[in-house]
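Report on the structure given below.
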Amino acid sequence: MAEDYIALNFLEQIVEEDINNGFPKENLRFRFPPEPNGYLHIGHSKAICISFGLGETYNAPVNLRFDDTNPSKEEQEYVDAIQEDIKWLGYKWDKICYSSDYFQQLYDWAVQLIKDGKAYVDSQSSEAMALQKGTPTEPGTNSPYRSRSVEENLRLFEGMKNGEFAEGIHVLRAKIDMESPNMLLRDPIMYRVINKAHHRTGTAWNIYPMYDWAHGESDYLEQVSHSLCSLEFKPHRPLYEWFVDNIFTNGVKPKQREFARLNLSYTIMSKRKLLKLVEEGIVSGWDDPRMPTISGFRRRGYTPASIRNFIDAVGVAKRDNVIDVSLLEFNIREDLNKTAPRVMAVLDPVKLIIDNYPADQEEWLDAENNQEDDSAGFRKVPFSKELYIERDDFKESANNKYFRLSIGKEVRLKNAYIIKGESVVKDSQGTITEIHCTYDPDSQSGNGTEASLRKVKGTLHWVSIKHAIKAEIRLYDRLFNHESPDGNKDVDFMEYLNPDSLEVITGYLEPSLSDVKPLDIFQFQRMGYFNVDKESTPSNLIFNKTVGLRDTWAKTETKSTVVPQKKEVPVKEIPQIPALNEIKKIGKKLGQLPEEKRLKSIKQIQNLAKDVDYEELKELFNTSAKKIGTRLAVLETLIVLIENGIVSKDDADVAAYLTEMKNSGDSLLEQSADMV
């Protein structure tokens with residue numbers, strides 16, 4: 001039991017402690033209380049998973065409550081979108097509630113506080129109140145209206161409710177302590193006049209409660225046992241408790257506790273700033289696949305499991321920190337690697353003509369749908385004389401370290417034959433328009449002939465031109481090119497927009513994709529994971545790039561700072577640590593690191609790998625099986641060398657090493673090896 005208890009996060013420990021101290025388990029109730037003033041973003045997913053996760057753990061009800069106290073910013077559209085997002089994540093609420101359901105009760109309680117001498121109507125300007133409130137190091141001073149009589153306060157408050165005053169003339173304030181070191185207790189505002197219709201109550205009210213007043217009271221009315229919120233509300237806790245204490249009669253008194261919010265690199269989490277992106281047309285809407293909204297991730301091809309696994313990996317903490325977005329991308333790759341069907345698509349095509357293949361012949365070859373899923377089976381793909389391959393998969397002349405197609409060299413066409421580059425045709429600008437090759441008719445994959453078993457150092461994907469389906473391909477990247485776009489108060493976050501966050505191209509797909517439906521997800525072999533966009537139609541297919549097969553940002557980010565050298569010390573005299581030695585050093589602890597730190601270390605390895613010699617790396621292939629971290633470092637380095645064309649995965653030593661890693665019994669090694 002002790003081990004189970006230690007494994008609990010601190011919020012679960014709080015609940016367990018309350019139960020052990022006599023709180024009836026059947027009285028547990030949690031809530032998720034969004035404000036319907038925008039779409040939920042990835043940061044909200046943490047709060048959702050925490051509250052609904054506790055509900056699942058303790059078999060306790062969870063309310064979905066909309067804290068709809070500001071009609072200036074709230075809309076039914078947001079209410080509907082929030083419900084859809086929570087359902088999509090896989091959670092069920094016990095009941096839907098609204099703070100607006102409690103407007104009358106909140107008003108009645110406010111009247112009682114006035115009668116008890118604990119609230120008053122203040123008629124100062126907002127500027128005067130701000131000055132009168134003091135500073136964190138200086139106490140505030142009492143409002144000149146603080147001593148108004150109960151009768152006058154009741155009359156004015158009723159007039160506010162009845163619409164007799166314009167906005168900003170009067171507010172209702174709690175009478176607490178203008179000298180409190182906690183500035184939130186210096187007579188906070190409870191009600192303000194807003195002469196706007198509410199999306200649920202219409203024009204019935206001219207005053208609306210402030211969040212701090214409505215929130216705790218709504219929790220009490222719903223008999224919420226544990227009110228969990230993000231860390232910025234910790235200073236609000238004494239005010240939360242003061243309000244609840246002053247209206248509490250019986251039942252469950254809710255307990256507020258705080259956890260660290262989710263901050264993600266390269267990401268904006270402010271609803272106000274996300275709305276600006278929408279309103280200024282920087283993105284196509286709240287569900288633009290570049291947006292960090294849950295609906296944006298859904299449209300881009302992320303799965304509920306990937307987001308929930310990401311939240312589990314982040315954990316529940318008491319301190320704010322920034323999580324590397326690559327951890328989120330890692331989780332979607334992990335999920336889709338197991339489930340996404342493999343297909344062939346060419347996104348930057350060049351024509352390949354097989355000169356000795358009969359012009360009137362076509363074959364339908366077997367292709368495996370997903371090597372990670374034995375039950376996925378096979379599909380048929382058409383093969384013919386003229387194909388498309390990726391332009392980057394051919395060089396007219398190349399050195400021995402280039403393992404794709406070139407003149408005089410052989411590669412295998414995936415699921416098909418071994419071909420040899422023979423010649424090219426160029427246009428007037430010197431651009432290659434056709435590649436001519438020959439094929440070995442006896443080398444078809446899987447037919448068991450000696451020619452089919454022959455090893456070549458490269459395998460290319462392709463599509464048959466006469467069978468290819470044309471599709472619009474939307475290549476999405478991170479919306480911001482700065483790790484902390486909201487981190488510099490002197491720089492507008494819009495300055496950090498990534499101009500290359502969207503590229504629209506035409507791709508050519510194998511015909512098995514002719515009947516896809518919106519949100520279907522596939523792995524385009526050797527290219528990445530893509531899903532069908534909601535705007536796609538049978539006559540105009542549209543695919544969104546979800547994520548690449550590898551973290552390409554790891555290769556482009558410059559983490560180090562250039563240090564100026566003294567003039568008298570030439571740079572060449574500064575000793576350099578060999579890249580492989582640095583990789584081995586990082587690898588020693590790699591297997592024991594928590595997931596986020598491990599991913600950062602792997603990024604370092606990938607950056608160093610470009611300077612590693614394959615022959616030196618190969619000497620580490622026989623590293624002791626006990627040294628998981630070092631083996632993982634070697635494997636990640638090898639993968640970079642394969643991707644850069646330094647070595648082929650079909651090389652006998654490489655293939656044997658990859659097979660060994662896939663069968664190692666260690667999940668980290670197996671996962672990395674499976675990505676090749």
Side-chain angles (χ1 to χ4, degrees), residues 35 67 69-70 106-107 109-161 165-194 207-220 227 229-248 253-261 270 272 318-320 489-490:
E35 297 177 66
D67 279 338
T69 60
N70 187 352
L106 291 169
Y107 176 80
W109 275 332
V111 168
Q112 187 59 51
L113 288 180
I114 293 173
K115 291 178 179 178
D116 294 341
K118 296 179 179 179
Y120 63 98
V121 174
D122 197 341
S123 305
Q124 298 181 92
S125 68
S126 58
E127 294 79 10
M129 277 190 283
L131 290 172
Q132 168 256 333
K133 208 163 188 179
T135 70
T137 57
E138 298 177 355
T141 56
N142 288 344
S143 165
Y145 301 100
R146 201 173 195 263
S147 57
R148 268 178 169 153
S149 68
V150 169
E151 292 73 22
E152 186 179 7
N153 282 321
L154 289 173
R155 178 180 59 79
L156 289 171
F157 189 46
E158 184 176 4
M160 290 167 61
K161 177 178 76 74
F165 305 109
E167 295 182 12
I169 301 299
H170 302 297
V171 295
L172 183 72
R173 297 177 70 178
K175 189 184 292 186
I176 305 179
D177 181 2
M178 289 302 295
E179 296 186 356
S180 172
N182 184 339
M183 292 188 67
L184 294 169
L185 295 177
R186 296 181 186 178
D187 291 8
I189 296 174
M190 296 173 61
Y191 276 94
R192 74 285 203 207
V193 174
I194 300 180
I207 55 171
Y208 292 92
M210 298 296 289
Y211 179 87
D212 280 325
W213 166 239
H215 188 75
E217 278 42 50
S218 298
D219 286 343
Y220 173 55
S227 180
C229 53
S230 51
L231 206 56
E232 69 260 32
F233 288 99
K234 188 170 184 177
H236 294 246
R237 193 200 296 181
L239 179 57
Y240 179 100
E241 293 172 344
W242 190 91
F243 278 139
V244 172
D245 286 342
N246 277 281
I247 55 92
F248 178 79
K253 182 184 289 188
K255 172 188 287 190
Q256 176 180 304
R257 291 296 182 267
E258 307 83 17
F259 56 86
R261 66 185 298 173
S270 163
R272 176 178 59 82
K318 295 183 180 181
R319 282 186 170 184
D320 281 334
K489 294 182 179 179
D490 297 326

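Model, not experiment: these values are computed from the prediction.
Contacts of Arg146 classified as salt bridge (Lys or Arg N to Asp or Glu O under 4.0 Å), with partners at least two apart in sequence or in another chain: Asp187.
Side-chain contact between Leu239 and Ile176 is present, with at least one heavy-atom pair separated by less than 4.5 Å. Residues Asp219 and Tyr240 meet the side-chain proximity criterion, which asks for heavy atoms closer than 4.5 Å.
With Asp122 as the partner, the side-chain hydrogen bond (donor to acceptor under 3.5 Å, both in side chains) test is satisfied by one option alone out of Arg148, Lys175, Arg173, His170: Arg173. Considering Arg319, Lys234, Arg237 as possible partners of Glu258, the one that fulfils the salt bridge (Lys or Arg N to Asp or Glu O under 4.0 Å) test is Arg237.
No more than 12 heavy atoms of other residues, nucleotides or ligands sit less than 6.0 Å from atom CD of Glu179.
Aromatic ring centres of Tyr211 and His215: separated by under 6.0 Å.
Contact between Met178 and Thr141 at its shortest, heavy atoms only, is CE-O, 3.4 Å. When every heavy atom of Pro254 is checked against every heavy atom of Gly216, the shortest pair comes out as CG-O, 4.2 Å.
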Mind running side-chain contact (heavy atoms from CB on, under 4.5 Å) on Ile207 and Met190 for me, showing each step along the way?
-> CA-CA 10 Å; Ile207 55 171; Met190 296 173 61; over 6 Å; no
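Using cut-offs of 30° and 60° for the angle between ring planes, the Tyr107 and Tyr191 rings count as perpendicular. The aromatic rings of Tyr220 and Phe248 are tilted relative to each other, their planes meeting at an angle between 30° and 60°.
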